[in-house]
There are 2 protein chains.
Amino acid sequence: MTSLDSLDRRLLAAVQQDNRLTTAELGQQVGLSATACQRRLKRLRDEGVIEADIAVVSPKAVGRPVSMLVLVTLERERADIVDRFKASIRATKEVMIGLYVTGDADFVLYVTASDMEDYERFTRRFFYENPDIKGFKTMVVMDRVKAGFALPIEP
Amino acid sequence: MTSLDSLDRRLLAAVQQDNRLTTAELGQQVGLSATACQRRLKRLRDEGVIEADIAVVSPKAVGRPVSMLVLVTLERERADIVDRFKASIRATKEVMIGLYVTGDADFVLYVTASDMEDYERFTRRFFYENPDIKGFKTMVVMDRVKAGFALPIEP
DNA sequence: AGTGAAATTTATCTAAC
DNA sequence: GTTAGATAAATTTCACT
């Protein structure tokens, strides 16, 4: 595992808010030359500390204004069944986030849809046709109070 | 609301996977000149279709390898109590995602921590000291099957 | 309207130290 | 780590459909 110094962490804290800052701007923020920033960022990307660089798209703007959290329980928590369900999560674009969890449910999914009817069609296709699924509970997201992706990074 | 044509949607689909592609590369993908891509992207950013451009940081690499989903129930779902809790979500950096939902719980939080002890300290500070909270249920994330942020965007 | 080509500005990358 | 010069990209200008 790679070790991060204070400057690395400050760079990460900055670019996870905005990765379109120029290396010169970043340099000012952290007290480093543009070149040094650039080299560090390259290293962080190469080593996988920065996993991706992405644009965050407005769900509303692309016609998916409603989102749901779904707690899924499988018939039996057997390895092959779990793996099969993981694969179906990966293959399903409507599922933005899919987590395998302990506790009340086996999986939690974050699903977007254009409206409730669209979501209902999704559940039919995704859940009712799947014999491995014992049940699921839908929680409709009323407000995305915080939908950021920023980790707390101490300088 | 802004309307998106097929080229816009293809650009969005591309940059939500990787926003460091050059406009020339994007142009090749969608069949447009670099200049046209760049102008469209600028428009999409100005109009808020692209909400942000960020680096996705590895939680493990910054020392927060464990994450939890927490279902939170408030004592009473009264507007001022809900608003107060929303504010505390926004103010708490350990909470990466905070959703106000219908159904079994009032809020669902995605929380990262360095280990279970760290999480336990967090719960003490965040939950036990808050009189508005009736209870909470923790689900430990065993596998982030899909942790992407990509919306399904049809060309 | 929106597009594309060339010129300009700006940023990134490579090489030194 | 820095500074300086080469390369490449983003941005502006302008002519075109």
Side-chain angles (χ1 to χ4, degrees), chain A residues 1-64 148-151 153-155, chain B residues 1-58 61-63 148-155:
Chain A
M1 176 117 302
T2 176
S3 91
L4 307 173
D5 66 12
S6 176
L7 291 165
D8 288 328
R9 287 194 296 272
R10 289 171 68 184
L11 283 173
L12 290 172
V15 295
Q16 77 171 346
Q17 306 284 348
D18 183 357
N19 76 344
R20 283 168 50 86
L21 297 166
T22 65
T23 50
E25 286 169 319
L26 282 170
Q28 285 213 314
Q29 277 192 35
V30 309
L32 219 52
S33 74
T35 309
C37 283
Q38 186 227 341
R39 263 200 300 251
R40 280 170 180 264
L41 287 173
K42 174 164 171 40
R43 201 199 96 219
L44 293 169
R45 291 195 167 103
D46 289 347
E47 288 176 343
V49 174
I50 294 176
E51 296 178 340
D53 288 89
I54 62 165
V56 179
V57 175
S58 161
K60 226 166 158 172
V62 293
R64 306 190 79 81
F149 312 103
L151 291 158
I153 301 176
E154 307 296 339
Chain B
M1 175 118 301
T2 176
S3 89
L4 308 173
D5 66 12
S6 176
L7 290 165
D8 288 328
R9 287 194 296 272
R10 290 171 67 183
L11 283 173
L12 290 171
V15 295
Q16 78 171 347
Q17 306 284 349
D18 183 357
N19 76 344
R20 282 167 55 82
L21 296 167
T22 65
T23 50
E25 287 168 320
L26 282 170
Q28 284 213 315
Q29 277 192 37
V30 309
L32 219 53
S33 74
T35 310
C37 282
Q38 187 230 348
R39 264 195 303 244
R40 278 168 181 265
L41 286 173
K42 173 163 171 40
R43 201 199 93 218
L44 294 169
R45 291 194 168 102
D46 289 347
E47 288 176 343
V49 175
I50 293 176
E51 295 179 339
D53 289 89
I54 62 164
V56 179
V57 175
S58 160
V62 294
F149 312 103
L151 290 158
I153 301 176
E154 308 296 340

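The analysis underlying the following values was restricted to heavy atoms, covering all of them including side chains, and did not include hydrogens, waters or symmetry mates. Throughout, a chain's letter reflects where its sequence line sits, starting with A, and its residues are numbered from 1. Just so you know, these numbers come straight off a predicted model, no measurement behind them.
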Quiz item: So does B:Arg40 get a side-chain nitrogen or oxygen closer than 4.0 Å to the phosphate oxygens (OP1/OP2) of C:dT3?
Solution: yes

Self-check item: Phosphate-side-chain proximity, B:Gln38 and D:dT11, N/O vs OP1/OP2 below 4.0 Å
Solution: yes

Self-check item: Test side chain to side chain contact (heavy atoms under 4.5 Å, CB included) applied to B:Ile54 and A:Val56, A:Asp53, A:Asn19, the passing residue
Solution: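 With B:Ile54 as partner, A:Val56, A:Asp53, A:Asn19 yield a single side chain to side chain contact (heavy atoms under 4.5 Å, CB included), made by A:Val56.
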
Whole Å only: how far is the [atom1] atom of [X] from the [atom2] atom of [N]?
{"X": "B:Arg43", "N": "D:dT11", "atom1": "CZ", "atom2": "C1'", "answer": "18 Å"}
{"X": "A:Arg39", "N": "D:dT3", "atom1": "CZ", "atom2": "C1'", "answer": "11 Å"}
{"X": "A:Leu32", "N": "C:dT12", "atom1": "CG", "atom2": "C1'", "answer": "16 Å"}

Exercise: identify the closest heavy-atom pair between [X] and [Y]:
{"X": "B:Arg10", "Y": "B:Gln29", "value": "NH2-O, 3.2 Å"}
{"X": "B:Leu151", "Y": "A:Val57", "value": "CD1-O, 3.5 Å"}
{"X": "B:Ile50", "Y": "A:Ala55", "value": "CG2-CB, 3.9 Å"}
{"X": "B:Ala61", "Y": "A:Leu4", "value": "O-CD1, 3.4 Å"}
{"X": "A:Pro155", "Y": "A:Ser6", "value": "O-OG, 2.6 Å"}

Quiz prompt | Nucleotide pairing, DNA chain C (Watson-Crick or G-U, distances under 3.5 Å), in dot-bracket with [ ] and | | solution = .||||||||||||||||

Quiz prompt | Any side-chain heavy-atom pair of A:Leu26 and A:Leu41 under 4.5 Å | solution =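 In contact.
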
Quiz prompt | Close residues, residues 10-29 of chain A, relative to DNA chain C [heavy-atom separation under 4.0 Å] | solution = A:Thr22, A:Thr23

Quiz item: Are there more than 12 heavy atoms of other residues, nucleotides or ligands under 6.0 Å from atom CD of B:Glu47?
Solution: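 Check passes, neighbour count above 12.
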
